[in-house]
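Every heavy atom of this structure was used, including side-chain atoms; hydrogens, water molecules and symmetry mates were not. Model, not experiment: these values are computed from the prediction.
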Amino acid sequence: MTDTIPDTATPEALAKTFEPAAIEAKWYRHWESAGAFRPARPDATPFTIVNPPPNVTGSLHIGHALDNTLQDVVIRYERLRGKDALWVVGTDHAGIATQMVVERQLEARQDKRSNYTREDFITKVWEWKAESGGTITGQLRRLGCSMDWSREQFTMDPHFTRAVVKVFVDLFNKGLIYRDKRLVNWDPRLKTAISDLEVETREMKGGFWRFRYPLADGVVRADGLDYIEVATTRPETMLADMLVAVHPDDARYQSVIGAEILQPLTGRRLRVVADDHADPALGSGAVKITPGHDFNDFDVGKRAGIKPADMLNMFDAEARVVQTADGLVPAEYVGLDRFDARTAVVAAMKEGGFLVPHVDKDGAEHDFEPRTIQTPYGDRGGVVIEPWLTDQWYVDAHTLAQAPMAAVRSGAIEIVPKTWEKTFFNWMENIQPWCVSRQLWWGHQIPAWYDAQGTAYVADSEATAQALAGTGVVLTRDPDVLDTWFSSALWPFATLGWPDDSELVKRHYPNDLLISGFDILFFWDARMAMQGIEFMGQVPWRRLYLHGLVRAADGQKMSKSKGNVVDPLGLIDQYGADALRFFMCAMESQGRDVKMDERRVEGYRNFATKLWNAARFCQANGIAASTTLAAPAATHAVNRWIIGEVVETLAALDAALADLRFDAAANVIYQFAWGTFCDWYIEFIKGNFDDETKAVAGWVLDQILVMLHPFMPFVTEELWHALGERHDDLIVAQWPAPAAHVDPAAKAEVEWLIALVSGFRTAKNELGLPPGARLEAWLPEPSEATRAIIAGNGPVIDRLARLSAIHLAPAPAGAAMQVGAGDATLIVPLEGLIDVAAERARLEKALAAAQKEAKALEGRLNNASFVERAKPEAVDKARADHAHHAAEATRLSAALARLG
RNA sequence: GGGCGUAUAGCUCAGUGGUAGAGCACUAUGUUGACAUCGUAGGGGUCGCAAGUUCAAUCCUUGCUACGCCCACCA
């Protein structure tokens with residue numbers, strides 16, 4: 001590949017305005033082609049992050065932008081700090097999602113999956129991936145993500161498949177994967193089983209029907225009634241009812257336990273059983289039991305001695321009514337959709353006089369009582385989930401969950417923010433078997449083969465399975481594939497080459513950090529922890545950082561149906577990737593969702609522009625790239641001061657990033673670059689570009705570029721090269737090492753100057769004087785320190801405070817403006833030019849404020865118990881503050897007295 | 001029914017046991033050697049409500065209210 005960067009040996013003058021689009025593509029191409037994302041650093045400490053693999057069908061949404069920005073900040077930071085930083089990237093084959101995309105394409109051409117063989121369909125999926133699968137990877141590049149594309153992974157890569165098969169086989173051999181017949185969450189639209197996590201409960205308007213089930217054989221209850229009333233929200237399931245349950249202690253039904261019900265529609269005889277599941281306080285206290293179509297009923301059925309294989313099933317894979325094994329479903333129901341069946345069943349029961357009407361509060365009768373029903377929906381298919389009796393593969397998640405819980409308890413895994421630990425434990429402690437088989441074509445096919453009797457042989461190849469089964473036994477492979485999350489759970493090590501004993505695995509496992517949204521804590525993070533510890537013997541990552549959702553400006557969740565989705569690429573087009581990234585970081589405070597605020601993105605675009613212009617100014621004044629990592633030697637106070645400010649900023653930034661406080665980190669560098677460097681330092685040095693100042697300014701600007709680079713990689717890289725010839729790109733430069741300290745004297749001096757300048761600006765503003773007016777001030781009896789500062793900073797005082805002279809002598813009599821700086825009060829005679837009343841009001845307001853503070857502190861200091869019980873530091877601080885405010889009050893009183 | 005989170009300036013959010021900050025918005029003003037995507041200055045908050053702990057609470061405890069999220073089988 002060719003290097004597209006212009007000759008950096010002769011930097012060109014920066015353009016007047018900063019155009020993000022013009023530089024972003026250029027630098028990304030350069031970095032990638034130069035291998036800058038993963039420089040060879042064999043002797044450096046490794047640092048590893050794996051990227052949550054986006055669905056190969058996906059395109060970049062605002063949540064990806066947040067997630068990947070945070071990761072990129074960390075990886076660029078560690079790379080700048082000299083680590084062997086590896087950010088693994090790739091995509092997920094996303095079984096259901098991808099198969100749906102390709103099927104939709106077929107449907108658009110009046111075609112369908114069943115017109116193809118499995119092999120041909122899978123070929124089509126691969127073709128689709130080759131054409132369209134790269135969308136999101138291109139978009140991650142636009143965001144500036146410095147991932148190791150040279151090793152881009154895909155969860156269906158051959159080596160990944162080997163890892164998946166090995167894990168499945170090993171878990172099976174350890175008894176941690178097994179096949180079982182039980183109720184599963186079935187998606188009738190996708191015609192596959194899904195896991196508990198893929199079911200989302202929605203509140204839907206539904207009904208509550210009550211029916212009379214007549215007792216058979218002339219049996220009557222103790223109270224003389226010849227029926228039992230049952231209630232249900234799903235009347236259609238009565239076609240597969242097998243029992244009626246009552247509570248063992250319920251006096252009303254003691255005499256009929258063991259008797260039989262004659263189900264009115266099917267004529268099936270339903271045994272009345274005693275079971276704790278029936279709650280005497282609810283409804284009639286009796287409940288109809290459909291073991292094949294309800295999770296609770298399944299358990300009741302088993303307790304009543306019904307084997308899963310004998311439980312009646314009344315639905316096909318698309319949830320249409322089929323004949324039950326006992327042949328008792330009347331023909332008119334067979335073939336009906338489940339919701340049509342509901343209507344038909346209710347009508348028939350009503351007609352037969354078995355429906356107990358609901359009487360509303362106005363006395364009107366209805367077939368049912370309206371109720372809000374917690375209804376299970378498939379998160380992908382979007383239709384109501386049907387509990388269905390099937391054979392599926394299950395992972396013994398309970399066993400696998402123990403080690404990850406211990407790892408979090410011991411601190412081997414640190415969850416950030418810590419509040420998520422409780423959620424993690426709560427889920428892990430109550431974890432259920434994980435259904436991992438899916439009735440799809442696209443995915444990792446389960447490595448199990450069956451003989452004619454249905455015995456499973458699980459092996460890494462058909463040959464091995466055949467060997468297990470014995471020669472001559474005819475084997476058929478399990479047609480199902482694995483849950484996508486089964487393979488992505490292996491991401492932290494399979495991407496590094498496992499199960500091969502590769503150098504990468506040794507060097508980069510465990511990973512250092514995982515950053516993910518909390519929404520996939522259970523789906524992905526917890527399962528990585530389970531598989532990682534089980535197969536690698538170590539935690540997958542030392543830290544787990546969970547961030548929130550990006551919400552719309554109104555606080556709502558973004559969704560296509562609401563039409564409030566913000567496209568991150570549109571924001572990048574408009575404001576630049578740097579601005580979007582900085583926004584994400586600045587808004588990412590731990591434990592809180594990020595609310596979209598486009599104006600703020602705009603504000604950070606302005607920040608990039610501000611930096612650009614500061615660099616332009618430096619460039620125009622001969623300030624260029626620094627030549628040393630350490631701070632240059634400096635004698636001028638402003639230079640010594642700004643070096644100290646860099647030292648403090650760096651410390652604060654390092655501390656924030658160590659704690660993964662992205663917001664604090666972003667604010668620290670923002671504040672320094674704009675508030676300290678641009679607003680004050682540049683203003684101070686205007687007019688004195690001597691060699692020392694140029695060296696210091698160039699060095700400070702470089703430190704800003706390096707410190708800001710993780711957040712705003714593009715503009716910083718551009719400026720880095722614009723300011724001079726560089727040995728390296730900024731992306732692989734060195735993190736600041738100032739080898740300098742804060743100079744308290746310089747700090748005090750500059751802070752005095754800042755107070756002076758601010759004081760005059762404020763005073764002029766409040767008195768209505770032109771801000772540009774140049775004045776002369778009198779300062780009688782200045783302290784030695786103040787005298788020295790004034791002597792050493794004439795030009796600055798002239799230019800910024802707009803004072804052409806400070807006379808160290810008593811001021812002439814007459815009306816004057818008085819401005820304080822430190823312990824000094826500068827007097828500017830302005831007889832006839834100022835409104836004396838306004839100046840008095842101004843000073844009185846300040847005096848009142850100082851007196852109020854002083855008084856409050858005095859009150860506290862006069863409180864004996866404060867002085868006795870408060871921490872000594874607090875008392876000392878109160879004394880110091882009091883002295884300061886009292887002195888200020890004295891100074892202002894004197895100023896007022898002088899005003900007359 | 002459990003669990004968690006959030007309530008601080010008009011908006012979006014930081015924050016600390018010693019009586020509050022940022023960005024944006026707002027008001028006034030400005031082109032003084034980069035920047036109007038800017039400069040300068042200013043106004044604005046009883047830190048949701050109540051009680052408790054403490055010398056001292058916006059910050060700790062408890063209760064309440066409102067909003068949000070997650071988990072859970074009420075037929």
Side-chain angles (χ1 to χ4, degrees), chain A residues 14 16-18 196 201 208-210 230-234 245 277-279 281-290 294-300 374 417 419-420 422-423 425-427 430 518-519 521-522 548-549 551 553 555-557 575 579 583 586-587 589 591-597 599-600 602-621 661 663-664 667 670-671 675 678-679 682-683 686-687 757-758 761-766 768 770-774 799-800 802 853 856-857 860 863-871 873-875 877-878 881:
Chain A
L14 286 162
K16 185 135 197 302
T17 48
F18 165 51
D196 297 346
T201 310
F208 187 68
W209 287 265
R210 290 150 66 203
V230 295
T232 180
T233 57
R234 301 195 54 205
H277 168 64
D279 183 347
L282 287 174
S284 66
V287 56
K288 71 182 204 62
I289 301 297
T290 317
D294 182 281
F295 288 100
N296 287 316
D297 293 5
F298 179 82
D299 292 335
V300 175
Q374 304 288 326
T419 49
W420 283 104
K422 208 158 186 172
T423 306
F425 284 127
N426 188 46
W427 189 70
N430 299 301
F518 66 74
D519 52 326
L521 173 60
F522 305 148
L549 252 49
R551 297 182 167 276
Q556 296 231 343
K557 214 166 160 174
Y575 304 107
F583 166 78
M587 299 305 291
S589 57
R592 193 167 189 141
D593 287 343
V594 171
K595 211 175 280 189
M596 193 60 228
D597 183 354
R599 308 206 63 154
R600 202 143 174 164
E602 185 185 0
Y604 292 128
R605 188 272 317 266
N606 296 352
F607 174 52
T609 303
K610 182 77 182 177
L611 186 72
W612 179 273
N613 282 306
R616 263 181 74 218
F617 175 79
C618 289
Q619 190 188 48
N621 288 285
R661 285 306 306 245
D663 56 342
N667 288 330
Y670 179 96
Q671 185 52 47
C678 291
D679 288 350
I682 286 183
E683 295 304 326
K686 278 178 182 172
V757 171
S758 299
R761 285 173 178 167
T762 303
K764 284 175 171 174
N765 205 292
E766 291 183 346
R774 295 179 84 227
R799 197 161 28 78
L800 296 183
R802 310 292 296 162
E853 292 290 339
L857 287 159
R860 200 185 301 161
N863 180 344
S865 47
F866 170 70
V867 181
E868 282 165 24
R869 301 197 188 191
K871 284 175 296 189
E873 312 88 89
V875 178
K877 183 167 187 306
D881 288 352

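Nearest heavy atom pair, residue A:I682 against residue A:A614, reads CD1-CB, 3.9 Å.
Atom name P, nucleotides B:rC24 and B:rU40: the rounded distance is 12 Å, in whole Å. Comparing the C1' positions of B:rU37 and B:rG44 gives an interatomic distance of 26 Å, to the nearest angstrom.
No salt bridge links A:K595 with A:D597; every basic N to acidic carboxylate O contact stays at or beyond 4.0 Å.
With B:rC13, B:rC73, B:rG39 as the candidates, the nucleotide lying closest to the side chain of A:R592 is B:rC13. For A:M587, whose side chain is taken as the heavy atoms from C-beta onward, the closest listed nucleotide among B:rC13, B:rU40, B:rG5 is B:rC13. Taking only side-chain atoms of A:K686, from C-beta outward, the nucleotide of B:rA34, B:rG68, B:rU40 with the closest atom is B:rA34. Taking only side-chain atoms of A:R761, from C-beta outward, the nucleotide of B:rU40, B:rC4, B:rC73 with the closest atom is B:rU40. Out of B:rA41, B:rG33, B:rA34, the shortest distance to the side chain of A:C678 is found at B:rA34. Minimum atom distance to the side chain of A:K610 is reached by B:rC38, of the listed B:rC13, B:rC38, B:rA41.
Stem regions for RNA chain B, each three or more consecutive Watson-Crick or G-U pairs with both distances under 3.5 Å and listed by first number, read B:1-7 with B:65-71, B:10-13 with B:21-24, B:26-30 with B:38-42, B:48-52 with B:60-64.
Residue side chain A:E766 does not reach the base of B:rA28 through any donor-acceptor N/O pair under 3.5 Å, judged by distance alone.
A parallel orientation is assigned to the rings of A:W420 and A:F518, their planes being inclined by less than 30° (bins at 30° and 60°).
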### Query
Can you give one letter per nucleotide of nucleotides 18-27 of chain B, going 5' to 3': B for a protein heavy atom under 4.0 Å from the base, S for sugar-phosphate only, - for none?
BS---BSS--
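A:N613 and A:R616 are linked by a side-chain donor-acceptor pair at a separation below 3.5 angstrom, with hydrogens and angles left out of the test.
Annotation: the span from A:K288 atom NZ to A:T232 atom OG1 amounts to 4.5 Å, rounded to 0.5 Å.
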